[in-house]
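This report refers to the structure that appears directly beneath it.
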Amino acid sequence: MTSQALREARIYEDVAEKMIAKEERPVFHLSARTGWMNDPNGFSFYDGKYHMFYQYHPYDSHWGPMHWGHAVSEDLLHWEYLPAALAPDEIYDRNGCFSGSAVALPDGRQLLMYTGVQQQRLANGGIRDIQTQCLAVGNGMDYEKYENNPVLDENDLPEGCSASDFRDPKVWRKEDGTYCCVVGNRPADGSGQILLFTSVDGFSWNFKKVLIANNNRFGKMWECPDLFELDGQMVLLTSPQDMLPQGFEYHNGNGTLCLIGDYDKETDTFTEKHNQAIDYGIDFYAPQTTLAPDGRRIMIGWLQNWDTCNFRSRNMAWFGQMSLPRELFIKNGRLYQRPVKELENMRKNKVEYCNVDISGNVRLDGIRGRRIDMELVLRPADQQNIYQKFAVRFAQNDQYQTSFSFRPRESVLKIDRKFSGSRRAIIHQRRSLVNSKNGELKIRIILDRFSVEAFINDGEQVMSAVIHTDQEADGISFFADGAAKMDIVKYDL
Ligand code: FRU
(Lines give C-alpha, C1' and ligand atoms only; values in the text may rest on other atoms or scores of the structure.)
Protein backbone atom coordinates (compact mmCIF):
# COMPACT_ATOMS: atom_id res chain seq x y z
CA MET A 1 0.00 0.00 0.00
CA THR A 2 1.39 3.36 -0.97
CA SER A 3 1.34 5.87 1.87
CA GLN A 4 -0.11 9.32 1.49
CA ALA A 5 3.36 10.87 1.83
CA LEU A 6 4.66 8.79 -1.07
CA ARG A 7 1.56 9.41 -3.20
CA GLU A 8 1.94 13.15 -2.68
CA ALA A 9 5.64 13.06 -3.55
CA ARG A 10 4.88 11.11 -6.73
CA ILE A 11 2.20 13.54 -7.85
CA TYR A 12 4.39 16.51 -7.00
CA GLU A 13 7.47 15.29 -8.87
CA ASP A 14 5.43 14.38 -11.90
CA VAL A 15 4.18 17.96 -12.23
CA ALA A 16 7.37 19.72 -11.10
CA GLU A 17 9.59 17.80 -13.52
CA LYS A 18 7.66 19.28 -16.44
CA MET A 19 8.70 22.79 -15.37
CA ILE A 20 12.36 21.97 -16.03
CA ALA A 21 13.47 22.27 -19.65
CA LYS A 22 15.76 19.53 -20.96
CA GLU A 23 18.40 22.17 -21.75
CA GLU A 24 18.59 23.07 -18.06
CA ARG A 25 19.89 19.61 -17.19
CA PRO A 26 23.00 17.62 -17.88
CA VAL A 27 22.55 15.18 -20.76
CA PHE A 28 24.15 11.96 -19.51
CA HIS A 29 24.57 12.66 -15.80
CA LEU A 30 21.52 11.80 -13.71
CA SER A 31 20.19 14.93 -11.98
CA ALA A 32 17.45 15.35 -9.36
CA ARG A 33 14.06 14.86 -11.02
CA THR A 34 13.03 17.98 -9.14
CA GLY A 35 14.32 19.60 -5.96
CA TRP A 36 17.31 18.20 -4.13
CA MET A 37 19.52 15.13 -4.71
CA ASN A 38 22.42 13.78 -2.68
CA ASP A 39 23.94 10.29 -2.33
CA PRO A 40 23.45 7.50 -4.85
CA ASN A 41 21.45 4.68 -3.22
CA GLY A 42 20.56 1.16 -4.28
CA PHE A 43 22.76 1.27 -7.38
CA SER A 44 22.19 -2.15 -8.92
CA PHE A 45 21.40 -4.16 -12.02
CA TYR A 46 17.92 -5.59 -11.59
CA ASP A 47 15.41 -7.04 -14.02
CA GLY A 48 17.42 -6.12 -17.12
CA LYS A 49 18.20 -2.52 -16.16
CA TYR A 50 20.49 -0.46 -13.99
CA HIS A 51 18.58 1.06 -11.11
CA MET A 52 19.69 4.20 -9.37
CA PHE A 53 17.92 5.50 -6.30
CA TYR A 54 19.05 8.68 -4.61
CA GLN A 55 18.68 10.81 -1.52
CA TYR A 56 15.89 13.12 -2.54
CA HIS A 57 13.90 16.07 -1.27
CA PRO A 58 11.44 16.73 -4.07
CA TYR A 59 9.82 19.81 -2.53
CA ASP A 60 12.85 22.08 -2.37
CA SER A 61 16.27 22.47 -3.93
CA HIS A 62 17.76 22.24 -0.42
CA TRP A 63 18.19 19.16 1.78
CA GLY A 64 15.07 18.18 3.75
CA PRO A 65 13.19 15.07 4.89
CA MET A 66 14.81 12.38 2.79
CA HIS A 67 12.88 10.36 0.25
CA TRP A 68 14.38 7.93 -2.25
CA GLY A 69 14.18 9.12 -5.86
CA HIS A 70 14.43 6.48 -8.56
CA ALA A 71 15.63 6.15 -12.15
CA VAL A 72 16.57 3.34 -14.52
CA SER A 73 18.92 3.05 -17.46
CA GLU A 74 20.10 0.45 -19.94
CA ASP A 75 23.48 2.04 -20.60
CA LEU A 76 24.17 4.05 -17.40
CA LEU A 77 24.01 7.28 -19.42
CA HIS A 78 20.42 7.69 -20.61
CA TRP A 79 18.24 7.68 -17.49
CA GLU A 80 14.50 7.44 -17.21
CA TYR A 81 12.82 8.67 -14.04
CA LEU A 82 10.54 6.33 -12.15
CA PRO A 83 8.21 7.38 -9.32
CA ALA A 84 9.89 8.04 -5.97
CA ALA A 85 10.47 4.73 -4.19
CA LEU A 86 10.42 5.64 -0.49
CA ALA A 87 8.99 8.46 1.62
CA PRO A 88 9.53 9.09 5.34
CA ASP A 89 6.15 7.74 6.38
CA GLU A 90 6.74 5.38 9.32
CA ILE A 91 7.56 6.12 12.95
CA TYR A 92 11.05 4.63 12.60
CA ASP A 93 11.91 6.72 9.49
CA ARG A 94 9.71 9.76 10.00
CA ASN A 95 12.71 12.10 9.89
CA GLY A 96 14.16 10.56 6.77
CA CYS A 97 14.92 7.51 4.68
CA PHE A 98 18.69 7.88 4.59
CA SER A 99 21.20 6.18 2.33
CA GLY A 100 21.27 2.48 1.59
CA SER A 101 21.56 -0.13 -1.10
CA ALA A 102 19.74 -2.84 -3.05
CA VAL A 103 20.06 -6.53 -3.76
CA ALA A 104 18.00 -9.02 -5.78
CA LEU A 105 16.30 -11.79 -3.77
CA PRO A 106 16.24 -15.36 -5.09
CA ASP A 107 12.47 -15.12 -5.62
CA GLY A 108 12.99 -12.24 -8.07
CA ARG A 109 12.00 -9.38 -5.78
CA GLN A 110 14.32 -6.49 -5.03
CA LEU A 111 15.34 -5.78 -1.45
CA LEU A 112 16.18 -2.22 -0.41
CA MET A 113 18.12 -1.70 2.82
CA TYR A 114 18.23 1.85 4.13
CA THR A 115 18.68 3.89 7.28
CA GLY A 116 15.54 5.04 9.05
CA VAL A 117 15.97 8.24 11.02
CA GLN A 118 13.78 9.16 13.94
CA GLN A 119 14.50 12.18 16.07
CA GLN A 120 14.10 12.02 19.80
CA ARG A 121 13.69 14.97 22.13
CA LEU A 122 16.06 14.88 25.07
CA ALA A 123 15.29 15.93 28.65
CA ASN A 124 17.63 18.93 28.25
CA GLY A 125 15.64 20.18 25.25
CA GLY A 126 18.15 18.95 22.70
CA ILE A 127 17.39 16.54 19.89
CA ARG A 128 19.12 13.31 19.01
CA ASP A 129 18.87 11.05 15.98
CA ILE A 130 18.02 7.40 16.33
CA GLN A 131 19.34 5.69 13.22
CA THR A 132 18.27 2.12 12.44
CA GLN A 133 18.54 -0.16 9.44
CA CYS A 134 15.29 -0.92 7.62
CA LEU A 135 14.07 -2.92 4.64
CA ALA A 136 11.62 -2.48 1.79
CA VAL A 137 10.78 -5.10 -0.81
CA GLY A 138 9.54 -4.43 -4.29
CA ASN A 139 9.34 -5.13 -8.00
CA GLY A 140 11.56 -2.39 -9.43
CA MET A 141 8.80 0.24 -9.20
CA ASP A 142 6.79 -0.09 -5.97
CA TYR A 143 8.22 -1.02 -2.60
CA GLU A 144 6.60 -2.19 0.61
CA LYS A 145 8.36 -1.46 3.88
CA TYR A 146 9.03 -4.62 5.88
CA GLU A 147 6.61 -5.23 8.73
CA ASN A 148 9.41 -6.08 11.19
CA ASN A 149 11.38 -2.88 10.60
CA PRO A 150 13.81 -1.87 11.89
CA VAL A 151 15.94 -4.97 11.37
CA LEU A 152 19.01 -3.51 13.08
CA ASP A 153 18.91 -1.06 15.94
CA GLU A 154 20.75 0.00 19.09
CA ASN A 155 20.28 -3.47 20.64
CA ASP A 156 22.37 -5.04 17.88
CA LEU A 157 25.34 -2.80 18.54
CA PRO A 158 28.27 -3.64 20.79
CA GLU A 159 29.09 -1.38 23.68
CA GLY A 160 30.39 2.07 22.78
CA CYS A 161 28.80 2.19 19.32
CA SER A 162 26.65 5.24 18.66
CA ALA A 163 22.98 4.69 17.79
CA SER A 164 22.84 8.26 16.43
CA ASP A 165 25.57 7.74 13.85
CA PHE A 166 24.69 4.31 12.51
CA ARG A 167 23.89 4.52 8.81
CA ASP A 168 24.24 3.75 5.13
CA PRO A 169 24.06 -0.07 4.84
CA LYS A 170 25.65 -1.56 1.72
CA VAL A 171 24.28 -5.04 1.20
CA TRP A 172 25.45 -7.86 -1.08
CA ARG A 173 24.72 -11.53 -1.58
CA LYS A 174 27.58 -13.97 -1.18
CA GLU A 175 28.25 -16.94 -3.44
CA ASP A 176 26.78 -19.29 -0.81
CA GLY A 177 23.48 -17.39 -0.99
CA THR A 178 23.77 -15.66 2.40
CA TYR A 179 23.91 -11.88 2.80
CA CYS A 180 26.34 -9.39 4.28
CA CYS A 181 26.21 -5.68 4.83
CA VAL A 182 28.63 -3.01 5.96
CA VAL A 183 27.33 0.00 7.91
CA GLY A 184 29.03 3.24 8.99
CA ASN A 185 29.17 3.91 12.70
CA ARG A 186 30.74 6.21 15.29
CA PRO A 187 32.52 4.47 18.16
CA ALA A 188 33.41 5.96 21.54
CA ASP A 189 36.59 7.62 20.18
CA GLY A 190 34.35 9.97 18.18
CA SER A 191 35.80 8.99 14.82
CA GLY A 192 34.42 6.28 12.52
CA GLN A 193 34.27 2.56 11.99
CA ILE A 194 32.69 0.08 9.63
CA LEU A 195 30.51 -2.67 11.07
CA LEU A 196 29.88 -5.99 9.35
CA PHE A 197 26.52 -7.76 9.68
CA THR A 198 25.37 -11.08 8.23
CA SER A 199 22.03 -12.62 7.37
CA VAL A 200 20.87 -15.97 6.09
CA ASP A 201 17.74 -14.69 4.33
CA GLY A 202 18.28 -10.92 3.97
CA PHE A 203 15.59 -10.18 6.57
CA SER A 204 17.03 -11.29 9.87
CA TRP A 205 20.40 -9.72 10.63
CA ASN A 206 23.23 -10.32 13.12
CA PHE A 207 26.24 -8.29 14.13
CA LYS A 208 29.46 -9.98 13.01
CA LYS A 209 32.33 -7.66 13.84
CA VAL A 210 33.95 -4.27 13.63
CA LEU A 211 35.54 -4.67 10.24
CA ILE A 212 37.72 -1.57 10.23
CA ALA A 213 38.20 1.17 12.79
CA ASN A 214 39.29 4.63 11.80
CA ASN A 215 41.03 5.36 15.11
CA ASN A 216 40.87 9.05 14.21
CA ARG A 217 43.24 8.65 11.25
CA PHE A 218 41.06 9.71 8.32
CA GLY A 219 38.50 12.29 9.35
CA LYS A 220 35.76 11.51 11.84
CA MET A 221 32.52 9.63 11.12
CA TRP A 222 32.78 7.30 8.11
CA GLU A 223 29.70 7.53 5.87
CA CYS A 224 28.53 5.41 2.96
CA PRO A 225 30.85 2.40 3.10
CA ASP A 226 31.24 -0.06 0.24
CA LEU A 227 33.32 -3.25 0.28
CA PHE A 228 34.18 -5.42 -2.71
CA GLU A 229 36.82 -7.54 -4.33
CA LEU A 230 38.67 -6.07 -7.27
CA ASP A 231 41.57 -7.57 -9.19
CA GLY A 232 42.46 -9.95 -6.38
CA GLN A 233 42.41 -7.29 -3.65
CA MET A 234 39.74 -6.09 -1.22
CA VAL A 235 38.63 -2.49 -1.56
CA LEU A 236 36.85 -0.42 1.05
CA LEU A 237 35.37 2.89 -0.07
CA THR A 238 34.00 5.32 2.46
CA SER A 239 33.30 9.03 2.78
CA PRO A 240 34.77 10.44 5.99
CA GLN A 241 33.45 13.65 7.48
CA ASP A 242 35.79 16.32 8.83
CA MET A 243 39.03 15.27 7.17
CA LEU A 244 42.40 16.86 7.83
CA PRO A 245 44.46 17.31 4.68
CA GLN A 246 47.60 15.13 4.45
CA GLY A 247 50.07 16.43 1.87
CA PHE A 248 48.13 16.52 -1.40
CA GLU A 249 45.54 14.01 -0.14
CA TYR A 250 42.17 14.61 1.51
CA HIS A 251 41.63 18.33 0.91
CA ASN A 252 37.86 18.25 0.71
CA GLY A 253 36.68 18.45 4.32
CA ASN A 254 33.95 15.94 3.65
CA GLY A 255 36.21 13.71 1.60
CA THR A 256 36.51 10.28 0.10
CA LEU A 257 38.78 7.42 1.11
CA CYS A 258 39.79 4.22 -0.65
CA LEU A 259 41.55 1.53 1.36
CA ILE A 260 43.06 -1.37 -0.57
CA GLY A 261 44.16 -4.47 1.28
CA ASP A 262 44.11 -8.22 1.82
CA TYR A 263 41.09 -10.06 3.10
CA ASP A 264 40.89 -13.30 5.04
CA LYS A 265 37.47 -14.72 4.20
CA GLU A 266 37.55 -17.25 7.06
CA THR A 267 37.79 -14.60 9.74
CA ASP A 268 36.58 -11.54 7.80
CA THR A 269 39.83 -9.77 8.53
CA PHE A 270 40.79 -6.82 6.37
CA THR A 271 44.47 -5.86 6.34
CA GLU A 272 45.00 -2.38 4.94
CA LYS A 273 47.88 -1.83 2.55
CA HIS A 274 47.19 1.42 0.68
CA ASN A 275 45.08 4.50 1.21
CA GLN A 276 44.16 7.29 -1.20
CA ALA A 277 41.41 9.76 -1.99
CA ILE A 278 38.92 8.54 -4.58
CA ASP A 279 38.59 11.89 -6.34
CA TYR A 280 41.01 14.82 -6.28
CA GLY A 281 38.69 17.54 -7.56
CA ILE A 282 36.20 19.69 -5.68
CA ASP A 283 32.86 17.87 -5.94
CA PHE A 284 32.63 14.16 -5.30
CA TYR A 285 31.18 12.32 -2.31
CA ALA A 286 29.40 9.18 -1.12
CA PRO A 287 30.14 6.93 -4.11
CA GLN A 288 28.52 3.52 -4.42
CA THR A 289 29.45 0.63 -6.69
CA THR A 290 27.69 -2.24 -8.37
CA LEU A 291 28.72 -5.22 -10.42
CA ALA A 292 27.64 -5.04 -14.07
CA PRO A 293 26.38 -8.27 -15.66
CA ASP A 294 29.68 -8.49 -17.58
CA GLY A 295 31.72 -8.37 -14.37
CA ARG A 296 32.79 -4.72 -14.40
CA ARG A 297 32.79 -2.96 -11.02
CA ILE A 298 31.10 0.38 -11.68
CA MET A 299 31.08 3.35 -9.33
CA ILE A 300 28.87 6.44 -9.27
CA GLY A 301 29.27 9.24 -6.75
CA TRP A 302 27.34 12.36 -5.81
CA LEU A 303 28.91 15.10 -7.94
CA GLN A 304 28.84 17.56 -5.11
CA ASN A 305 30.44 18.21 -1.77
CA TRP A 306 28.69 19.20 1.46
CA ASP A 307 31.33 21.92 1.93
CA THR A 308 30.51 23.66 -1.34
CA CYS A 309 26.73 23.20 -1.60
CA ASN A 310 26.28 26.97 -1.50
CA PHE A 311 27.82 27.10 -4.94
CA ARG A 312 24.60 26.95 -6.91
CA SER A 313 22.84 28.61 -9.74
CA ARG A 314 20.05 30.90 -8.56
CA ASN A 315 17.41 29.84 -11.01
CA MET A 316 17.62 26.09 -11.02
CA ALA A 317 14.65 24.02 -9.87
CA TRP A 318 16.96 21.06 -9.28
CA PHE A 319 20.13 20.72 -7.26
CA GLY A 320 22.51 17.77 -7.32
CA GLN A 321 23.66 15.35 -9.98
CA MET A 322 25.51 12.06 -10.11
CA SER A 323 29.03 11.62 -11.42
CA LEU A 324 29.82 9.79 -14.60
CA PRO A 325 29.66 6.04 -14.03
CA ARG A 326 33.26 4.85 -13.76
CA GLU A 327 34.78 1.42 -14.29
CA LEU A 328 37.20 0.55 -11.50
CA PHE A 329 40.42 -1.41 -11.58
CA ILE A 330 43.61 -1.70 -9.55
CA LYS A 331 47.07 -1.03 -10.91
CA ASN A 332 50.24 -0.77 -8.84
CA GLY A 333 48.27 -0.72 -5.60
CA ARG A 334 46.11 2.21 -6.72
CA LEU A 335 42.44 2.53 -7.59
CA TYR A 336 42.05 3.50 -11.25
CA GLN A 337 38.85 4.84 -12.79
CA ARG A 338 37.75 5.30 -16.37
CA PRO A 339 34.44 6.44 -17.81
CA VAL A 340 32.21 3.45 -18.63
CA LYS A 341 32.83 2.17 -22.13
CA GLU A 342 29.19 2.92 -23.02
CA LEU A 343 30.21 6.60 -23.25
CA GLU A 344 32.07 5.78 -26.46
CA ASN A 345 28.73 5.04 -28.15
CA MET A 346 27.75 8.67 -27.63
CA ARG A 347 30.78 10.07 -29.39
CA LYS A 348 30.30 12.03 -32.59
CA ASN A 349 32.10 14.63 -34.75
CA LYS A 350 35.66 13.51 -34.12
CA VAL A 351 38.31 16.24 -34.37
CA GLU A 352 41.94 15.24 -34.12
CA TYR A 353 45.29 17.01 -34.15
CA CYS A 354 48.73 15.46 -33.75
CA ASN A 355 51.86 17.11 -32.51
CA VAL A 356 50.43 20.63 -32.28
CA ASP A 357 52.84 23.27 -31.01
CA ILE A 358 51.55 25.07 -27.95
CA SER A 359 53.35 28.24 -27.02
CA GLY A 360 51.46 31.20 -25.63
CA ASN A 361 47.70 31.12 -26.25
CA VAL A 362 46.40 28.72 -28.88
CA ARG A 363 42.93 27.98 -30.23
CA LEU A 364 42.25 25.09 -32.57
CA ASP A 365 39.53 24.93 -35.21
CA GLY A 366 36.70 22.62 -34.24
CA ILE A 367 37.74 22.40 -30.59
CA ARG A 368 34.90 23.84 -28.52
CA GLY A 369 31.75 22.65 -26.76
CA ARG A 370 30.13 21.92 -23.43
CA ARG A 371 29.29 18.26 -24.00
CA ILE A 372 32.55 16.75 -25.02
CA ASP A 373 34.98 13.90 -24.54
CA MET A 374 38.49 15.25 -25.17
CA GLU A 375 41.84 13.61 -24.58
CA LEU A 376 45.09 15.57 -24.49
CA VAL A 377 48.53 13.96 -24.60
CA LEU A 378 51.11 16.49 -23.60
CA ARG A 379 54.91 16.56 -23.86
CA PRO A 380 57.63 19.19 -23.99
CA ALA A 381 58.75 20.45 -27.40
CA ASP A 382 62.33 20.35 -26.16
CA GLN A 383 63.35 17.69 -23.62
CA GLN A 384 66.25 19.87 -22.44
CA ASN A 385 64.06 22.86 -21.86
CA ILE A 386 60.72 21.81 -20.44
CA TYR A 387 57.83 24.31 -20.54
CA GLN A 388 57.01 26.04 -17.21
CA LYS A 389 53.27 25.76 -17.34
CA PHE A 390 50.52 24.36 -19.51
CA ALA A 391 46.83 25.21 -19.27
CA VAL A 392 43.63 24.13 -20.95
CA ARG A 393 40.71 26.54 -20.51
CA PHE A 394 37.14 25.60 -21.25
CA ALA A 395 33.56 26.80 -20.73
CA GLN A 396 35.20 29.98 -21.90
CA ASN A 397 34.09 33.28 -23.36
CA ASP A 398 35.18 36.88 -22.75
CA GLN A 399 33.91 36.73 -19.19
CA TYR A 400 34.16 33.15 -18.02
CA GLN A 401 36.49 30.20 -17.98
CA THR A 402 37.43 27.14 -15.98
CA SER A 403 40.88 25.63 -16.34
CA PHE A 404 43.29 22.85 -15.63
CA SER A 405 46.85 24.07 -15.37
CA PHE A 406 49.92 21.91 -15.03
CA ARG A 407 53.35 22.82 -13.70
CA PRO A 408 55.69 20.02 -14.77
CA ARG A 409 58.48 20.96 -12.36
CA GLU A 410 56.19 20.49 -9.39
CA SER A 411 54.10 17.82 -11.11
CA VAL A 412 51.00 19.59 -9.84
CA LEU A 413 47.73 19.81 -11.77
CA LYS A 414 45.28 22.48 -10.66
CA ILE A 415 41.61 22.91 -11.39
CA ASP A 416 40.34 26.48 -11.08
CA ARG A 417 36.68 27.46 -11.50
CA LYS A 418 37.01 30.88 -9.87
CA PHE A 419 35.95 32.54 -13.13
CA SER A 420 33.18 30.10 -13.96
CA GLY A 421 30.46 32.59 -12.99
CA SER A 422 30.43 32.10 -9.23
CA ARG A 423 29.48 35.09 -7.11
CA ARG A 424 30.38 33.33 -3.87
CA ALA A 425 33.73 33.28 -2.07
CA ILE A 426 33.96 29.54 -1.56
CA ILE A 427 36.59 27.02 -2.55
CA HIS A 428 37.01 27.02 -6.31
CA GLN A 429 40.46 25.48 -6.72
CA ARG A 430 42.11 22.21 -5.97
CA ARG A 431 45.67 21.07 -6.60
CA SER A 432 46.68 17.49 -7.13
CA LEU A 433 50.07 15.85 -7.33
CA VAL A 434 50.12 13.79 -10.52
CA ASN A 435 52.57 11.32 -12.01
CA SER A 436 54.53 12.92 -14.78
CA LYS A 437 57.95 12.28 -16.22
CA ASN A 438 59.68 15.04 -18.21
CA GLY A 439 56.56 17.11 -18.63
CA GLU A 440 54.46 14.30 -20.10
CA LEU A 441 50.83 14.10 -19.09
CA LYS A 442 47.65 12.51 -20.39
CA ILE A 443 44.33 14.04 -19.47
CA ARG A 444 40.85 13.09 -20.65
CA ILE A 445 38.24 15.75 -19.99
CA ILE A 446 34.50 15.04 -20.02
CA LEU A 447 32.11 18.00 -20.00
CA ASP A 448 28.33 17.72 -19.64
CA ARG A 449 26.86 21.24 -19.41
CA PHE A 450 27.26 21.70 -15.64
CA SER A 451 30.25 19.55 -14.80
CA VAL A 452 33.81 18.64 -15.63
CA GLU A 453 35.53 15.35 -14.85
CA ALA A 454 39.18 14.85 -15.75
CA PHE A 455 40.76 11.39 -15.90
CA ILE A 456 44.50 11.76 -15.57
CA ASN A 457 47.05 9.25 -16.89
CA ASP A 458 44.43 6.71 -18.00
CA GLY A 459 42.48 6.98 -14.76
CA GLU A 460 45.24 7.01 -12.15
CA GLN A 461 43.55 10.07 -10.71
CA VAL A 462 40.25 11.84 -11.29
CA MET A 463 39.34 15.47 -10.61
CA SER A 464 35.64 16.37 -10.69
CA ALA A 465 33.82 19.65 -10.27
CA VAL A 466 30.49 21.28 -10.91
CA ILE A 467 30.34 24.47 -12.97
CA HIS A 468 27.32 26.72 -13.51
CA THR A 469 28.68 28.74 -16.42
CA ASP A 470 26.27 29.98 -19.12
CA GLN A 471 26.12 27.42 -21.91
CA GLU A 472 27.06 30.07 -24.50
CA ALA A 473 30.56 30.01 -23.00
CA ASP A 474 31.74 27.02 -25.00
CA GLY A 475 35.25 28.09 -25.99
CA ILE A 476 38.33 25.96 -25.38
CA SER A 477 41.88 27.24 -25.55
CA PHE A 478 45.36 26.13 -24.65
CA PHE A 479 48.32 27.92 -23.19
CA ALA A 480 51.96 27.16 -22.57
CA ASP A 481 54.62 29.19 -20.91
CA GLY A 482 57.52 27.75 -22.90
CA ALA A 483 57.00 25.23 -25.67
CA ALA A 484 54.83 22.15 -25.42
CA LYS A 485 53.54 19.65 -27.97
CA MET A 486 50.12 18.12 -27.78
CA ASP A 487 48.03 15.41 -29.44
CA ILE A 488 44.33 15.94 -29.09
CA VAL A 489 41.22 13.92 -29.92
CA LYS A 490 37.87 15.48 -29.24
CA TYR A 491 34.31 14.24 -29.70
CA ASP A 492 30.97 15.87 -29.08
CA LEU A 493 28.69 13.90 -26.81
C1 FRU B 1 26.13 11.31 3.14
C2 FRU B 1 24.95 11.32 4.09
C3 FRU B 1 24.67 9.92 4.58
C4 FRU B 1 23.22 9.97 4.94
C5 FRU B 1 22.67 10.89 3.89
C6 FRU B 1 21.55 11.77 4.35
O7 FRU B 1 26.13 12.34 2.24
O8 FRU B 1 25.20 12.20 5.15
O9 FRU B 1 25.51 9.50 5.64
O10 FRU B 1 22.64 8.71 4.91
O11 FRU B 1 23.74 11.71 3.46
O12 FRU B 1 20.94 12.44 3.30
Side-chain angles (χ1 to χ4, degrees), residues 9 32 35-43 52-70 84-88 92-102 112-119 128-136 150 152 161-171 181-186 191-195 214 218-226 236-243 252-257 278-279 282-289 299-310 319-323 464 466:
W36 166 277
M37 162 194 279
N38 58 291
D39 315 354
N41 294 159
F43 181 30
M52 179 56 89
F53 304 83
Y54 52 91
Q55 290 287 280
Y56 183 34
H57 186 218
Y59 303 112
D60 192 356
S61 62
H62 291 83
W63 192 88
M66 282 291 109
H67 296 56
W68 274 35
H70 191 187
L86 301 176
Y92 53 81
D93 64 16
R94 66 173 176 218
N95 296 102
C97 300
F98 275 20
S99 283
S101 49
L112 308 183
M113 191 169 192
Y114 69 98
T115 299
V117 181
Q118 183 185 355
Q119 286 181 343
R128 84 165 187 142
D129 263 17
I130 307 282
Q131 301 191 338
T132 58
Q133 312 320 315
C134 304
L135 302 174
L152 286 171
C161 293
S162 162
S164 297
D165 285 303
F166 175 39
R167 59 180 174 272
D168 311 336
K170 175 73 198 291
V171 59
C181 77
V182 281
V183 186
N185 182 249
R186 194 191 293 274
S191 68
Q193 63 185 6
I194 304 301
L195 308 180
N214 180 10
F218 302 106
K220 294 285 181 185
M221 170 66 186
W222 282 5
E223 301 189 307
C224 302
D226 198 344
L236 178 98
L237 306 182
T238 186
S239 298
Q241 296 179 316
D242 309 313
M243 294 192 93
N252 279 356
N254 291 287
T256 53
L257 173 68
I278 303 171
D279 195 285
I282 306 171
D283 296 304
F284 189 84
Y285 196 70
Q288 194 173 79
T289 72
M299 177 180 76
I300 293 186
W302 181 37
L303 201 58
Q304 202 59 61
N305 183 299
W306 289 111
D307 287 50
T308 53
C309 278
N310 288 333
F319 181 88
Q321 56 180 313
M322 293 301 166
S323 74
S464 308
V466 163

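Both counts, for ligands and for their atoms, begin at 1 and track the order of listing. Here the structure is a predicted model, which is why all the values come from computation and not from measurement. One is the number of the first residue; the rest follow in order along the sequence.
Between Tyr59 and His57, the angle of the ring planes goes over 60°, which puts this pair in the perpendicular group of the 30/60° scheme. Ring pair Phe53/Trp68 is tilted by interplanar angle, where 30° to 60° counts as tilted.
Ligand 1 is never approached by Thr115 to a heavy-atom distance shorter than 4.0 Å. The closest approach between a heavy atom of Trp306 and any atom of ligand 1 is below 4.0 Å.
Under a 4.0 Å N-O distance rule, the pair Asp242/Lys220 does not qualify as a salt bridge. Note on Asp168 versus Lys170: no salt bridge recorded, every NZ/NE/NH1/NH2 to OD/OE distance being 4.0 Å or above.
Ser323 contributes a side-chain N or O that, together with a main-chain N or O of Gly301, makes up a donor-acceptor pair within less than 3.5 Å.
Close approach to Ser99 involves these atoms of ligand 1, each under 4.0 Å from a residue heavy atom: 5 (C), 10 (O). Atoms of ligand 1 found under 4.0 Å from any heavy atom of Met66 (numbered from 1 in listed order, with element): 12 (O). Taking a cut-off of under 4.0 Å to the non-hydrogen atoms of Asn38, the atoms of ligand 1 that pass are 5 (C), 6 (C), 7 (O), 11 (O), 12 (O).
Of all protein heavy atoms, the one lying nearest to atom 8 (O) of ligand 1 is Glu223 OE2, 2.9 Å. Among protein heavy atoms, atom 9 (O) of ligand 1 sits closest to Asp168 OD2, 2.6 Å.
Taking only nitrogen or oxygen atoms, main chain and side chain alike, Tyr285 does not reach within less than 3.5 Å of ligand 1. Considering backbone and side-chain atoms alike, Gln55 places an N or O below 3.5 Å from some N or O of ligand 1.
Of the candidates Asn254, Asp39, Asn41, Asp39 brings a heavy atom nearest to atom 5 (C) of ligand 1.
Side-chain atoms of Ser164 and Asp129 include no donor-acceptor pair closer than 3.5 Å. For the 3.5 Å distance criterion, the side chains of Gln55 and Asp39 fail to qualify, holding no donor opposite an acceptor.
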